[in-house]
Amino acid sequence: VPFYFAVEVFPRALALLASKIETSENRLLIILNLYEEHGEGNKINFHTETFKTFLKAIGWEKDFFRNPYIDEWIYNLLNNEYNDSEYATYLAGIEYAYALISDTISKHIEKFNLKCEQIHYKKHAILDWEHGDELLDVALNIDNNEEHLKTIFIKAQKEFLNLYNHLIFPTFKEIDKISKEVIAFYYLREDYSLELNILNNQKKKSNIL
């Protein structure tokens, strides 16, 4: 659920990249990429809207809640000192990583009876490869220092995967199961707000040690 805010911010990052690029030719590729993020003008196909549909498909129709690790990643994404080629490479690294993640999730959720049809991850599994290619083309058109850009690319992927590592927390089903024990031990990360949010939304309150 908190990943919604990462989906929401990515078009802003593309717009920031476009503002850094001086030539119209290179900027056009970014604008076209940004246009696709906005469903090519159709609000229903905005990537934020398709992600909301995905959440609905897996049964989440409650309020959104934030994750401090995602908020930190968003801040760093928008507040950086990368030049145009470096930032294009950084965003390309994210696109390629998200394409692989999307493909995995898309195949995984086919095993379940979804509450509605969704296209978000199936679409990104294909589209983000293309976007990644385009962003790398832009980066190399501006600066062909491949070794330097490779470092930026790897850094982007590491930070993005680290973001995903901080999305792991107990499900409603797991919380319900351990709450029935007289004494239950569960490993928690330092930030307990996500678990607390789940417990506070349970109809039946539990005693927690």
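Computation of the quantities below employed the complete heavy-atom set of this structure, encompassing side-chain atoms and omitting hydrogens, waters and symmetry-equivalent molecules. Please read these numbers as outputs of a predicted model, since none were measured by experiment.
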Which heavy atom of [X] sits nearest to which heavy atom of [Y], and what is that distance?
X      : Y     : answer
Gln157 : Gly93 : NE2-O, 3.0 Å
Ile119 : Asn45 : CD1-OD1, 4.5 Å
Ala139 : Thr89 : CB-OG1, 3.2 Å

Original post:
Considering residues at least two apart in sequence or located in another chain, which fulfil the ring pair (Phe, Tyr, Trp, His ring centres under 6.0 Å) criterion with His148?
Top reply: none

Subject >> Qualifying salt bridge (Lys or Arg N to Asp or Glu O under 4.0 Å) pairs with a residue from residues 115-127, counting only residues at least two apart or across chains >> reply: none

Original post:
Is the shortest heavy-atom distance from the side chain of His131 to the side chain of Leu14 under 4.5 Å?
Top reply: no

**OP:** Compare all side-chain heavy atoms of Glu134 with those of Leu32 and state whether any distance is below 4.5 angstrom.
**Re:** no

Under 3.5 Å, side chain of [X] to main-chain N/O of [Y], donor-acceptor pair present?
X      : Y      : value
Tyr96  : Asp133 : yes
Asp103 : Leu100 : no
Lys20  : Tyr82  : yes
Arg27  : Glu22  : yes

Subject >> Pairing residues for Asp84 by the salt bridge (charged side-chain N to carboxylate O under 4.0 Å, His left out) criterion, not counting sequence neighbours >> reply: none

Enumerate, atom names and distances included, each donor-acceptor pair closer than 3.5 Å involving a side-chain atom of residues 50-59, sequence neighbours excluded.
{"from": "Thr50", "atom 1": "OG1", "to": "His47", "atom 2": "O", "distance (Å)": "3.0"}
{"from": "Thr50", "atom 1": "OG1", "to": "His120", "atom 2": "ND1", "distance (Å)": "2.7"}
{"from": "Thr53", "atom 1": "OG1", "to": "Glu49", "atom 2": "O", "distance (Å)": "3.1"}

**OP:** Assign the ring pair Tyr164 / Phe3 to parallel, tilted or perpendicular, where the plane angle (0 to 90°) is split at 30° and 60°.
**Re:** tilted

Subject >> Asn76 atom CG: more than 12 heavy-atom contacts under 6.0 Å >> reply: yes

Original post:
Do other residues, nucleotides or ligands put more than 12 heavy atoms under 6.0 Å from Phe64 CZ?
Top reply: yes

Original post:
Does anything in residues 7-41 pair up under ring pair (Phe, Tyr, Trp, His ring centres under 6.0 Å), and if so which pairs, sequence neighbours excluded?
Top reply: His38-Phe46

Original post:
Under the side-chain hydrogen bond (donor to acceptor under 3.5 Å, both in side chains) rule, what pairs show up with a residue in residues 4-14, not counting sequence neighbours?
Top reply: none

**OP:** Rounded to the nearest 0.5 Å, what's the gap from CZ on Phe153 to CG on Leu91? Could you check?
**Re:** 11.5 Å

